[in-house]
Amino acid sequence: MSRLIVISNRVAAPRPQGEGGAQGGLAVALSAALREYRGFWFGWSGNKTDEFTGHIDFQRHEGVTSATIDLEEQDVDEYYNGYANRTLWPLFHYRIDLAEYDRSFAGGYERVNERFADTVSPLIEPDDLVWVHDYHLIPLGAQLRERGLKNRIGFFLHIPFPPSRLMVSLPFHEGLVLSLLAYDVIGFQTEEWLESFRHYISRELGGHCEPDGTIHVGDRSVHAAAYPIGIDYAEFSAAARSEGAKCACERLTASAAGKHVIIGVDRLDYSKGLEERFLGYRRFLEEHEECQGKLFLLQIAPPSRGEVHTYEIIREDLDELSGRINGEFAEVDWVPIRYVNQGYDREDLAGFYRAAGIALITPLRDGMNLVAKEYVAAQDPENPGVLILSRFAGAALQLKDALLVNPYSKEEISDAIMKALSMPKEERVRRWQAMHESVQNEDVVWWRRSFVSALRGQKGESGTGRVEQRF
Ligand code: GDG
């Protein structure tokens, strides 16, 4: 069996006890994937060094080998804080108003991708499958080819792919998209992002897209398809049944004292629509005076990407907005929003999901959104809660039985909260069962098997097709 080499910006392989903390969606999904394969996970350690040496630190924890490098301060500023998080992240989430175009960012991005390629290529053997992840490393496939790699190399984009009309606002956009053609397989979260990519290929590059997913540009042919990522269902439902989850559920239920709990869990990021969500909830409180004092919104928002200025601003804005709403509506024995800026462990999170009768998950744009799937997985089948989900999250294409809302519309958020509060149990169970089936069947195992199968070159394998092969 060939080895699988996973390459992503950060490596977040399982850490020894005591070094835990909140892991992002990608980390959770990939630790699970790597336990099954020989191979290793390569990326940036998250540490800085005075001078880049290419030294690789190998570690092994819980069946996953990680190989990490340190980067220079300038690398981190230009590549990570700069091009990845201030140029590509906003652009790919349709926020060209926030995207910053700076030549030094683009230079740093190219340089760090070269550093990754220089360091990892000697570790790759001819039979290895190479799986590169996310927007930080788009040019890496082309860099590896330049160093002579003939392996099958795949790329998966965890975030949306923007419509061509937005993509062209990026200086040198052709170069970036052309570099994707060095991969053998390009995976997107949904058909919608895939469609944007195919549109760009035909409109901007004069390429040709076949119905079976093959894309031709010049003499290059690659396979591009949708592989919707899922949660590690087995791991998460075990967490939801744990003693820790039970305690967390009881703790929240006791403190709610009979009030309805609405939960939101998001990294503190503008793409998650937190401000719009608070305003929608505020509209609900205004429109339904009779509900004041009978429910509250628990918003868990661990900070992310502390060094990027935009994130400091969001934090200030949300502190102010939640304070204002609480000041406006609170009573001596009730606050409408419990806004918590810290991370919890997964068992606690699972327990909180279970204690909440409603989840309000309203990103303005999201590649997938695993929180929505975790909420479904954590519910009591006899008495499940209601999921209110943004129609602009990738997850909305699978979780069609959620209450889908436009996250920009205060009215829609307010109406959906009212509908969720008054939804008969029969309807809650019916909607939950349909969503649960998808979350359970289309889990992270299904996702990686679909992708790796396509990467091996097995025909007819896409995230939306059936995958028989076991690895
Ligand atoms: C990117 C894409 C795509 C959050 N707070 C805590 C905590 N979390 C965990 C959640 C969930 C994960 O972080 C967040 O996943 P998302 O999918 O919502 O979002 P991103 O981090 O933006 O991830 C996204 C994903 O990649 C995978 O492809 O779905 O669209 O943007 O698992 O539970 N975990 C713990 N404590 C917290 O306080 N333990």
Side-chain angles (χ1 to χ4, degrees), residues 6 8-10 12 14-15 19-33 84-85 88-90 92-95 131 133-136 155-161 187-190 192-193 226-233 235-236 239-240 242 244-245 248 263-274 298-305 311 339-353 359-378 387 389-390 392-399 439 442-444 447-448 451 463:
V6 169
S8 64
N9 169 53
R10 285 293 301 276
R15 284 161 289 199
E19 290 179 28
Q23 297 199 16
L26 174 60
V28 171
L30 287 184
S31 316
N85 288 332
L88 295 182
W89 176 271
F92 280 42
H93 286 87
Y94 298 31
R95 293 296 300 270
W131 189 1
H133 289 263
D134 232 359
Y135 60 103
H136 314 83
F155 177 81
F156 185 79
L157 184 66
H158 288 260
I159 63 176
F161 190 87
F188 297 90
Q189 299 272 25
T190 69
E192 189 180 341
W193 323 132
Y227 304 91
I229 199 169
I231 60 167
D232 186 347
Y233 181 83
E235 179 263 351
F236 198 77
S242 68
I263 195 168
V265 177
D266 309 77
R267 274 187 309 103
L268 198 49
D269 189 291
Y270 49 83
S271 67
K272 301 294 184 184
L274 291 168
L298 169 63
Q299 178 62 56
I300 297 175
S304 70
R305 305 193 184 131
Y311 294 94
Y339 175 46
V340 187
N341 268 156
Q342 71 169 62
Y344 289 89
D345 70 34
R346 293 184 66 68
E347 292 185 356
D348 284 341
L349 214 55
F352 296 153
Y353 288 141
L360 190 55
I361 301 172
T362 52
L364 304 179
R365 200 65 60 176
D366 213 336
M368 177 54 61
N369 195 295
L370 295 177
V371 171
K373 295 186 174 184
E374 290 166 359
Y375 177 75
V376 170
L387 172 63
L389 179 63
S390 162
F392 303 138
L397 276 90
Q398 287 165 297
L399 305 179
V439 170
E442 294 161 6
D443 69 348
V444 76
W447 168 71
R448 71 168 180 261
F451 190 91

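One-based numbering, in listed order, for ligands and for the atoms of each.
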Side chain or backbone of Asp348 under 4.0 Å from ligand 1, or both, or neither, by non-hydrogen atoms?
-> neither

Has ligand 1 got any nitrogen or oxygen that is less than 3.5 angstrom from a nitrogen or oxygen of Trp89?
-> no

Within the structure, does Gly367 bring an N/O atom to less than 3.5 angstrom of an N/O atom in ligand 1?
-> yes

Can you tell me if Glu374 uses its side chain to pair, donor with acceptor, with the backbone of Ala350 under 3.5 Å?
-> no

If we number the atoms of ligand 1 from 1 as shown, the ones under 4.0 Å from a heavy atom of Glu374 are 10 (C), 11 (C), 32 (O), 33 (O)

Check whether any side-chain N or O of Asp443 sits under 3.5 Å from a backbone N or O of Ile231 as a donor-acceptor pair, and report yes or no.
-> no

Ligand 1 to His93 polar contact by distance, N or O atoms, under 3.5 Å = no

Show which atoms of ligand 1 fall inside a sub-4.0 Å distance from at least one heavy-atom site of Arg346.
-> 32 (O), 33 (O), 39 (N)

The residue among Ile361, Val265, Asp266 that forms side-chain contact (heavy atoms from CB on, under 4.5 Å) with Lys272 is Asp266

Nearest heavy-atom neighbours spanning Phe161 and Tyr94 | O-OH, 4.2 Å

The answer for which part of Val265 has a heavy atom under 4.0 Å from ligand 1 is side chain

Are the side chain of Gln189 and the backbone of His158 linked by a donor-acceptor contact shorter than 3.5 Å?
-> yes

Expected output: side-chain Gln299 to main-chain Tyr339 donor-acceptor under 3.5 Å = no

If only atom types and distance count, is the side chain of Asp134 paired as donor or acceptor with the main-chain N or O of His136 below 3.5 Å?
-> no

Could you list the atoms of ligand 1 found under 4.0 angstrom from a heavy atom of Arg267?
-> 20 (P), 21 (O), 22 (O)

Decide whether an N or O pair under 3.5 Å exists between Tyr344 and ligand 1.
-> yes

For Tyr135 and Phe92, what are the C-alpha separation, side-chain angles and deciding distance, and is it a ring-ring contact (aromatic ring centres under 6.0 Å, His included)?
-> CA-CA 9 Å; Tyr135 60 103; Phe92 280 42; 7.2 Å; no

What are the atoms of ligand 1, with element, lying closer than 4.0 Å to any heavy atom of Gln189?
-> 3 (C), 28 (O)

What about Tyr344 and Phe352, are their ring centers closer than 6.0 Å?
-> yes

Short N-O contact, Lys373 and Glu442, less than 4.0 angstrom = no

Atoms in ligand 1 flagged as close to Gly343, the criterion being non-hydrogen separation under 4.0 Å = 37 (C), 38 (O)

Can you tell which part of Lys373 has a heavy atom less than 4.0 Å from ligand 1: side chain, backbone, both or neither?
-> neither

Answer yes or no: does an N/O atom from Leu349 fall short of 3.5 Å to an N/O atom of ligand 1?
-> no

N/O separation below 3.5 Å, Met368 to ligand 1 = yes

Out of Pro363, Pro302, Ala350, the nearest non-hydrogen contact to atom 5 (N) of ligand 1 is supplied by Pro302

Location of contacts on Ile229 toward ligand 1, heavy atoms closer than 4.0 Å | side chain

